[in-house]
Number of protein chains: 2
Amino acid sequence: MKENNQVSVPVIKRLPRYHRYLEELKNLGIVRISSKELSMRMGLTASQIRQDLNCFGGFGQQGYGYNIEQLYNEIGLILGINKRSKAIMIGAGNLGHAIATHLHFENRGFDLVGIFDNNKNVIGTKVGGRTVLDADTLEEFCKAEKPVVAILCIPSEYAAENADKLVSLGIRGFWNFTQYDLMHRYGDVAVENVHLGDSLMTLCYQINKLSDSDEVQK
Amino acid sequence: MKENNQVSVPVIKRLPRYHRYLEELKNLGIVRISSKELSMRMGLTASQIRQDLNCFGGFGQQGYGYNIEQLYNEIGLILGINKRSKAIMIGAGNLGHAIATHLHFENRGFDLVGIFDNNKNVIGTKVGGRTVLDADTLEEFCKAEKPVVAILCIPSEYAAENADKLVSLGIRGFWNFTQYDLMHRYGDVAVENVHLGDSLMTLCYQINKLSDSDEVQK
DNA sequence: GTTCTTTGTTAAAAAAATGAACAAGTTATT
DNA sequence: AATAACTTGTTCATTTTTTTAACAAAGAAC
C-alpha cells in the first residue's frame with residue numbers, strides 16, 4: 001500500500017488488461033481467484049500481479065486470494081472509469097466516424113458530448129446518434145460545456161494548430177490519432193497516442209524478421 | 001554494428017518515429033542532421049539516438065552527422081516497408097472500413113489484397129475501392145493468394161476461432177483490433193495489438209490523476 | 001595543416017521491471 | 001482444536017532497459 005510515490009507507466013498500462021480478464025471471469029460467475037491462477041490465464045507471473053496491485057492497496061486476503069467482483073471494481077476506481085469526463089471529437093472522417101460509433105466511451109470514463117468537423121458536407125449529419133457540429137462553433141461550445149478531453153481524428157498537418165487552440169480552450173488531455181507528436185508540447189496535458197501507422201510498421205518489422213529467420217533455418 | 005544479437009522491442013518501437021521525423025526533415029529540404037540536433041527536435045538524448053541506430057549499423061559520419069535521405073531509406077529497409085507483404089482484413093464493419101480506407105498500407109510494407117465479412121448486406125459493397133468478399137471464400141482465397149497478415153476488425157468473441165483458422169491457412173501475423181489477447185497463443189506468429197479500449201482507459205487514468213493533483217494544490 | 005565537429009563504441013551508473021522468497025494471516029481438513 | 005495447505009503483502013535479488021559520460025577516429029571547415 002504505497003500510494004505516496006508515483007506508479008510507473010507500464011503498471012498503469014497493464015490495468016485495463018486486468019480489468020478485461022476480471023470482467024470475463026465475473027461474467028463466468030467465478031467469485032474468487034488467486035494471483036497464481038490469474039497469472040497462468042494471463043501469461044504473467046503471480047509475483048508481478050501481486051506487485052502491480054500492491055501499488056494501489058491490498059485487495060486480497062491470505063489463503064483466499066482476490067474477490068473478483070471487488071477487484072474489478074477497485075481497478076475501475078483506480079482508472080477512474082466510473083466518472084464521466086466530457087470528451088469531444090475533432091474530425092468526423094472515416095476514422096472519427098468509426099471511433100465514435102465503435103467505442104463504448106461510457107464504460108471507459110468518458111462522455112462524447114460533441115463531434116466537430118469543418119467539412120460542410122459532413123456538418124449536420126448523424127454519427128452514432130450525434131449530430132456533427134460546425135468546427136466554427138467549437139470555442140463557444142467549449143466555453144459552455146467545458147470538455148476535458150479531445151479526440152483528434154484530423155489530418156496530421158492540422159494537429160498542432162488544433163491542439164494549441166484546444167488547450168487554450170481548457171482541454172487537458174488528447175486521444176491522438178494523428179501522426180503528429182503532441183508529447184512534450186504542453187506541461188500538464190495528458191496525451192495518449194494511437195499511432196496506427198507506427199503500429200503497422202512495427203508489425204512489418206516482425207513479419208520480415210520471422211521470414212528472415214525462416215530462410216536462415218533452411 | 002551488432003546485427004547478431006536481438007534488438008530490444010523499445011528500440012524497434014522507436015524506429016517508426018525516427019522515420020516520421022526524417023521524412024518531415026527530408027520534405028523540408030534539409031540534407032544533413034546531427035544526433036544532437038535530432039535529439040533536441042525529438043525530445044531524446046543524442047546518445048540514445050546514436051545507440052538506437054547503432055543496433056543496425058553505422059549510418060553516419062564523424063564530423064558530418066547523418067544524411068537525412070539515406071538514414072530515412074535505411075530505416076525503411078530495417079522495417080522492411082519496401083517489400084509488399086499481402087494482408088487481408090477480416091471484418092468490414094465501421095472500424096474495418098475506416099482502417100481500410102484511412103491507412104496507406106503500401107507505404108508501410110503491405111498490400112491489402114482482400115476484405116472479408118460474413119454479413120450478406122456488406123458482401124459485395126466497395127470499401128476503399130475493394131469489393132468485400134464472402135468470408136466463406138476465405139480458405140479458397142488464402143490457398144490461392146497466400147496472404148501473410150490478417151487484420152482483425154471483428155467482435156472480440158469471434159477472435160479466437162478466426163485466428164486459429166487463419167493460422168492454419170498460413171497467416172503469420174495479426175494486426176489485432178479486437179479486445180481478445182492473441183499473444184502467447186501461437187509460437188512463431190507476430191501479433192501487434194491495437195487495444196483502443198485499453199488506450200482510452202489509460203487516458204482516463206491520466207486525466208483523473210491530473211485533476212487529483214489539481215485538488216491537492218488548491 | 002590545424003581546429004572543430006560529430007560519429008561509433010565502450011563503459012559505467014541509474015532506473016525500472018521482473019522474479020524469488022518468506023513471514024503472517026486465512027481457509028480447509030482431520 | 002490442532003494441523004496442514006494456501007496465498008497474500010512485502011522485501012530482497014536479479015535482470016533488463018535507459019541514461020549518461022567519455023573518447024579515439026575520421027571527416028569538415030577554415
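Naming convention: chains lettered A, B, ... in sequence-line order (proteins, then strands); numbering from 1 in each chain.
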Output a table of nitrogen or oxygen pairs between the protein and nucleotides 18-21 of chain D separated by less than 3.5 Å.
unit_1	atom_1	unit_2	atom_2	d
D/dT19	OP2	B/Q48	OE1	3.1
D/dT19	OP2	B/Q48	NE2	3.0

**Request:** Examine the side chains of A/Y186 and A/D164 and answer whether a donor and an acceptor come within less than 3.5 Å of each other.
**Result:** yes
**Complete:** note: A/E37, atom CD; D/dT7, atom P; distance rounded to Å ~ 9 Å
**Request:** Return the value, rounded to whole Å, for the distance between atom CZ of B/F56 and atom P of C/dT7.
**Result:** 18 Å
**Fill in**
Correct closest heavy-atom pair for B/A92 and B/D117 would be N-OD2, 2.7 Å
**Message:** Has A/K83 got a side-chain atom pairing as donor or acceptor with B/N208's backbone, closer than 3.5 angstrom?
**Reply:** no
**Asked** Can you tell me how far P of C/dA21 sits from CD of A/Q62, to the nearest Å?
**Response** 19 Å
**Asked** Side chains of A/R17 and A/L44: closer than 4.5 Å at any heavy-atom pair?
**Response** yes
**Complete:** Whole-Å distance, B/K13 NZ to D/dT17 P, equals 14 Å
**Request:** Rounded off to whole Å, could you give me the NZ-to-C1' distance for the B/K36 and C/dC4 pair?
**Result:** 12 Å
**Message:** I'd like to check B/F174 versus B/I90 (side-chain heavy atoms, cut-off strictly below 4.5 Å). Are they in contact?
**Reply:** no
**Request:** Among C/dT27, C/dG8, D/dG9, find the nucleotide with the atom closest to the side chain of A/Y64.
**Result:** C/dT27
**Asked** Quick one: does A/R32's side chain have a donor or acceptor within less than 3.5 Å of a partner on A/Y64's backbone?
**Response** yes
**Fill in**
Separation of C/dA17 atom P from A/L53 atom CG, nearest Å, is 16 Å
**Message:** Whether A/Y66 contacts D/dC6 is assessed here as follows: a side-chain N or O lying under 4.0 Å from the phosphate OP1 or OP2. Is that the case?
**Reply:** no
**Request:** With the side chain of A/R32 defined as its heavy atoms from C-beta on, choose the nearest nucleotide among C/dT26, C/dT7, C/dA28.
**Result:** C/dA28
**Request:** Take atom CG of B/N67 and atom C1' of C/dT7, then tell me their distance rounded to the nearest Å.
**Result:** 14 Å
**B/N176 (side chain) donor-acceptor with B/Y180 (main chain) under 3.5 angstrom** = yes
**Request:** Determine to 10° how strongly the helix from C/dG1-D/dC30 to C/dT30-D/dA1 is bent, judged from the axes of its five-pair ends.
**Result:** 20°
**Request:** Would you check if the side chain of B/H195 reaches a backbone N or O of B/F177 as a donor-acceptor pair within less than 3.5 Å?
**Result:** no
**Item:** Whether B/R14 side chain and B/D52 backbone form a donor-acceptor pair below 3.5 Å
**Value:** no
**Asked** Taking CD1 from B/I33 and C1' from C/dT7, how many angstroms apart are they, rounded to a whole number?
**Response** 14 Å
